[in-house]
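Data first, discussion second: the structure below is written as structure tokens.
Being a predicted model, the structure only gives us computed values, none of them experimental. Chain letters run A, B, ... following the sequence lines, proteins first, then strands; residues in each count from 1.
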Amino acid sequence: MDDKYITKEVEQKIREYWKVNEINKFKKDGKPIFAIDTPPPTVSGFLHVGHVFSYSQADFVARYKRMKGYDVFYPFGLDNNGLPTEILVEKKNNVLSEKVGREKFIELVENSIKEYEELYINIWKTIGISVDWSHLYTTISKDVQHISQYSFIELYKMNRAYRKETPTIWCTKCKTALSQMELKDKTLKSKFVKVKFADDVIIATTRPELLPACVIIFVNPDDEKNAKLVGRKVKVPIFGQEVEIKTDKRVNPEKGTGIVMSCTFGDLTDIEWYKAYNLPLRVIIDEKANMTHPHFKDMKVRDARKAIIEELKEKNLLLEEKDIEHTVNVHERCDTEIEFLVKKQWYIKYLDLKEKLIELGNQLNWKPEYMKVRYENWVNGLQWDWSISRQRYYGIPFPVWYCKKCNEPVLAEKEDLPVNPLNDKPKKPCKNCGSTEIIPEEDVLDTWATSSLTPLINKKWSLDTEIKYDIYPMSLRPQAHDIISFWLFTTIVKCYLHTGKLPWKDVMISGHGLDATGKPMHKSVGNIVEPMPIIEKYGADALRYWASSSKLGDEALFQEKDLVTGSRIVNKLWNVAKFTSKINSDTKEVSNLLDKWILSKLNDTVKKATEMFEQYNYAGAKREIEAFFWDVTDNYMEYIKHRVYNNIESPGYVLNKVFLSIIKLFAPYMPYVTEEIYQNLYKTQENKNSIHLSDWPVFEEKTFDKKAFEDGENISRLIKYIRAWKHDNKLALNAEVKEVIIEGEINKEYLNDIKGVMKINEITLGKATLEVAETPFKVTINV
RNA sequence: GGAGGUAUAGUCUAAUGGUAGGACGUCACCUUUACACGGUGAAGACCUGGGUUCGAUUCCCUGUACCUCCACCA
């Protein structure tokens, strides 16, 4: 064995070995299948160690299950069907998607992000994620387009997908409809003005430019001071339309004057009111944030606001003008304030399924369990059906045209998928009126409408190549907690609608890897830690070690010192391997009590670690394994040295057995160093190609000796006590001691070991003075 | 505003109804034939207030701080 373990060289070599020997291949060999629904990372141009954090955690489980004898189906996806990728490609090629056209742009994406995909895949491979790369998908690929469109057609046929003209959250910069999920808060400076509608009807608003769209006025039903207004009609200043004053509990009587005007549409509440009271629609803003009302000819929304404030002032209708900072919803990508427009949109109907969805959530095995509440809160809070139309150029198109004559949707035939309605034509005329004149749907599907299908994408559902093996429902969905309400939820919805089943048995919810100060890593914040330089310096095993130290669901701060700990263990493992390899291990008989002690302790560790791993508690398992490992190196190995050097009762067999188990237990976390040691020391005897295909250690009744386990702990404490005594008395650890007197019941078989380990000339049993804590012993030491 | 989570040494963390284990850092000692990316030892911590209890860091309540998700933001 080499004297030094050079991380970089070994890891590269091992990686190549795994590839050639197809260690991670889904074998379809009849063993029970463990299928993992890996999250497809968004291709946005960069990855950070936070990504490594959560993917490593899933890989610990994958590797554990493989060693437990499962045929692990571990596919991978890349999400390139979304705004981040679109922006990346636009920047890189200096084009705009809408100028290029959909089909061409998709092609451009597929071509120009190859290098990023390779970069990504290279990082995952370097980290040692044990994915079977022959099952790679990308979400904009033809196959996935096929699956996604197929899903839409199915949903349409079961009356789950419907099209309706409704108010939509709209980004006037990106010129697309958004879902609530794509919004974030932003604090902006604005004017809060009080406008006089009548002497006793004063309305405070931040959006006076919406006065022409005012359709109704509300006060709170419990608001006594404004109760007298209810039922009255007032004229809107300047614009003159008459509106009624009604009550609604959504009004906060404490805010402003307690009187609210509802305009179609200023905010989400306006939309709720519009729906609840069937209000008239007055659209005065267009898709590009231009005012369409003649009063504000050619003005942008912001300019109109200034103009109307001036006009109200002139006409003495403005009672108060206050500068405020308030939070508004903006599009998370471009920071533009959103508006509400009325558009025809496709929806998926699911409000009627709430109860069923809760029930499905209960059937799912949540790790950690408390994450389930977030799902339940989300489902209980659902108010609208799922809007799946996006007015973007880039994305998976709806497989739909509309009949020019009767407006009836004309769906694509399944055998023609995927289709692009902008270029393709339906094979059949309109079912309703027989016309062949059609208008293509221009919208694309929301990316969640596609990524919610990953379990079915993995199965290649609806394709000729559909996997016939039993991988659905899948065994495990690993994902982070921030997207429980999107990805996890939408996947349950869609997979339930398509298959009538939950998509997986277990979910494992990870936290985030944060920067050293506890902030999420963002390119814009500039706190990204890239994985490759870290791996270069400390090795992939050390980085994975960091990911293993925080328990499932918890966030972890990234601090470089944590990698020092990991690389120390790697180094230690290597050195133990060197020591172990030199010791004669011919004798298979175990007679020494300290040998029995360490074997029993190993059994105990195996039992605990396995139980924890079964519960996805990789962090707890690692702690057990690590504690045992350090006990072996700091103590057991010191205890046996005198036997090794003097060639008595060789502990080689036991040490090898213990060490082989240790590297197996560590293998899911640190796959490289454990593999390298395995190849050097144990491959031949075990006759397995890789440690990752070897068997996970099991608890052995026959080598577990409870008495030796407990006695050994006491002897170990006794030795450590003498060690500390030597230190306190300024003696070297290998200094000779004339005599040690031990008081307390002790098996004489231990005496030779104690003498040998501590270089004691004579041990006598009898009255002693120094109490050894947590043991039945007292000792007296004479130098 | 609602829901959930977290609060332990300088830092990161673990366990526990009887005052707490580990890692990094710090200090002291040791050049002991696997390892100075080493060994041995030392110093150093349970957010506030209340309750249950013989006894709470641990259980319950309250407050505070931080994090996450959701809602609101006229």
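- In this structure, K759(A) does not pair ionically with E736(A), as no charged nitrogen and carboxylate oxygen lie closer than 4.0 Å.
- Partner assigned to A36(B) is none, using Watson-Crick or G-U wobble distances below 3.5 angstrom.
- Comparing C37(B) with G25(B), their P atoms sit 12 Å apart, to the nearest whole Å.
- Residues M261(A) and L211(A) have side chains in contact (heavy-atom distance under 4.5 Å, counting atoms from C-beta outward).
- Between R717(A) atom CZ and G21(B) atom P the separation is 13 Å, expressed in whole Å.
- On the C1' atoms, U13(B) is 15 Å away from G44(B), given to the nearest whole Å.
- Counting non-hydrogen atoms under 4.0 angstrom, F218(A) reaches nothing in the nucleic acid.
- To the nearest angstrom, C1' of C35(B) lies 12 Å from CZ of F659(A).
- Counting any heavy atom pair closer than 4.0 Å across all strands shown, M637(A) reaches a base atom.
- Rounded to whole Å, the distance from CG on D482(A) to C1' on C70(B) is 13 Å.
- Taking only side-chain atoms of F486(A), from C-beta outward, the nucleotide of G4(B), C70(B), A23(B) with the closest atom is C70(B).
- Remark: K235(A) NZ is loosely packed, at most 12 non-hydrogen atoms of other residues, nucleotides or ligands lying under 6.0 Å away.
- Using Watson-Crick or G-U wobble geometry with both donor-acceptor distances under 3.5 Å, A42(B) finds its partner in U26(B).
- A salt bridge links D3(A) with K578(A); the closest basic N to acidic carboxylate O contact falls under 4.0 Å.
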Salt bridge (charged side-chain N to carboxylate O under 4.0 Å, His left out) between E321(A) and K194(A), worked out = CA-CA 7 Å; E321(A) 184 180 353; K194(A) 286 187 178 166; over 6 Å; no
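- Pairing of A20(B), defined by two Watson-Crick or G-U wobble distances under 3.5 Å, is not identified with any nucleotide.
- Atom NE2 of H481(A) is separated from atom C1' of G4(B) by 11 Å (rounded to the nearest Å).
- In this structure, the aromatic ring of W574(A) is not positioned over the six-membered ring of the base of C35(B) within 5.5 Å between centres and 30° between planes.
- U31(B): no Watson-Crick or G-U partner with both key distances under 3.5 Å is found in any strand.
- Remark: the separation of the C1' atoms in C73(B) and C67(B) is 22 Å, to the nearest Å.
- Mapping E626(A) and A732(A) onto RNA chain B by nearest heavy atom places E626(A) at the nucleotide closer to the 5' end.
- Taking atom P in both A42(B) and U48(B), the straight-line distance is 28 Å, to the nearest Å.
- Pair assignment for A14(B): none, as no Watson-Crick or G-U wobble contacts are both less than 3.5 Å.
- Within the nucleic acid shown, V570(A) has no heavy atom closer than 4.0 Å to any nucleic acid atom.
- Counting to the nearest Å, the P atom of A23(B) and the CG atom of L563(A) are 17 Å from each other.
- The residues K225(A) and D200(A) are annotated as not salt-bridged, no charged nitrogen and carboxylate oxygen being separated by less than 4.0 angstrom.
- Here U6(B) sits opposite A65(B) as a Watson-Crick or G-U wobble pair (both hydrogen-bonding atom distances under 3.5 Å).
- Place K730(A) and V564(A) on RNA chain B by their nearest nucleotides, and V564(A) ends up nearer the 5' end.
- Here the separation of A15(B) from U53(B), taken at their P atoms, is 28 Å to the nearest Å.
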Between the protein and nucleotides 8-15 of chain B, are there any N/O to N/O pairs under 3.5 Å, and if so, what are the atom names and distances?
| from | atom 1 | to | atom 2 | distance (Å) |
| --- | --- | --- | --- | --- |
| U11(B) | O2' | Q559(A) | OE1 | 3.3 |
| U11(B) | O2' | K561(A) | NZ | 3.4 |
| U11(B) | O2 | K561(A) | NZ | 2.4 |

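- With respect to the salt-bridge test (charged N to carboxylate O, under 4.0 angstrom), the residues E209(A) and R207(A) qualify.
- One finds a salt bridge joining D595(A) and R643(A) here, because a Lys/Arg side-chain nitrogen approaches an Asp/Glu carboxylate oxygen to under 4.0 Å.
- A salt bridge is defined here as a Lys NZ or Arg NE, NH1 or NH2 lying under 4.0 Å from an Asp or Glu carboxylate O, and E638(A) with K641(A) meets this definition.
- Straight-line distance between the C1' atoms of A9(B) and C61(B): roughly 29 Å, to the nearest whole Å.
- Taking Y5(A) as the reference, W574(A) meet the ring pair (Phe, Tyr, Trp, His ring centres under 6.0 Å) condition, with sequence neighbours excluded.
- When distances are taken from the side chain of Y645(A) to each of U68(B), C72(B), A34(B), the shortest belongs to A34(B).
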Distances under 3.5 Å between nitrogen or oxygen atoms of protein and nucleotides 37-44 of chain B:
| from | atom 1 | to | atom 2 | distance (Å) |
| --- | --- | --- | --- | --- |
| C37(B) | O2' | N571(A) | ND2 | 2.7 |
| G38(B) | OP1 | R568(A) | NE | 3.4 |
| G38(B) | O3' | K572(A) | NZ | 3.1 |
| G39(B) | OP1 | K572(A) | NZ | 3.0 |
| U40(B) | O2 | H727(A) | NE2 | 3.2 |

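- K641(A) comes within contact range of at least one nucleobase, with a heavy-atom separation under 4.0 Å.
- Nucleotides U52(B) and G1(B), compared at atom P, are 31 Å apart to the nearest Å.
- Contact check, Y636(A) against A34(B): no side-chain N or O comes under 4.0 Å of OP1 or OP2.
- The existence of a salt bridge linking K4(A) and E9(A) is excluded, since no basic side-chain nitrogen approaches an acidic carboxylate oxygen closer than 4.0 Å.
- Nucleotides A23(B) and U58(B) place their P atoms 26 Å apart, quoted to the nearest Å.
- Taking the charged nitrogens against the carboxylate oxygens, E713(A) and K601(A) do have a contact shorter than 4.0 Å, which makes a salt bridge.
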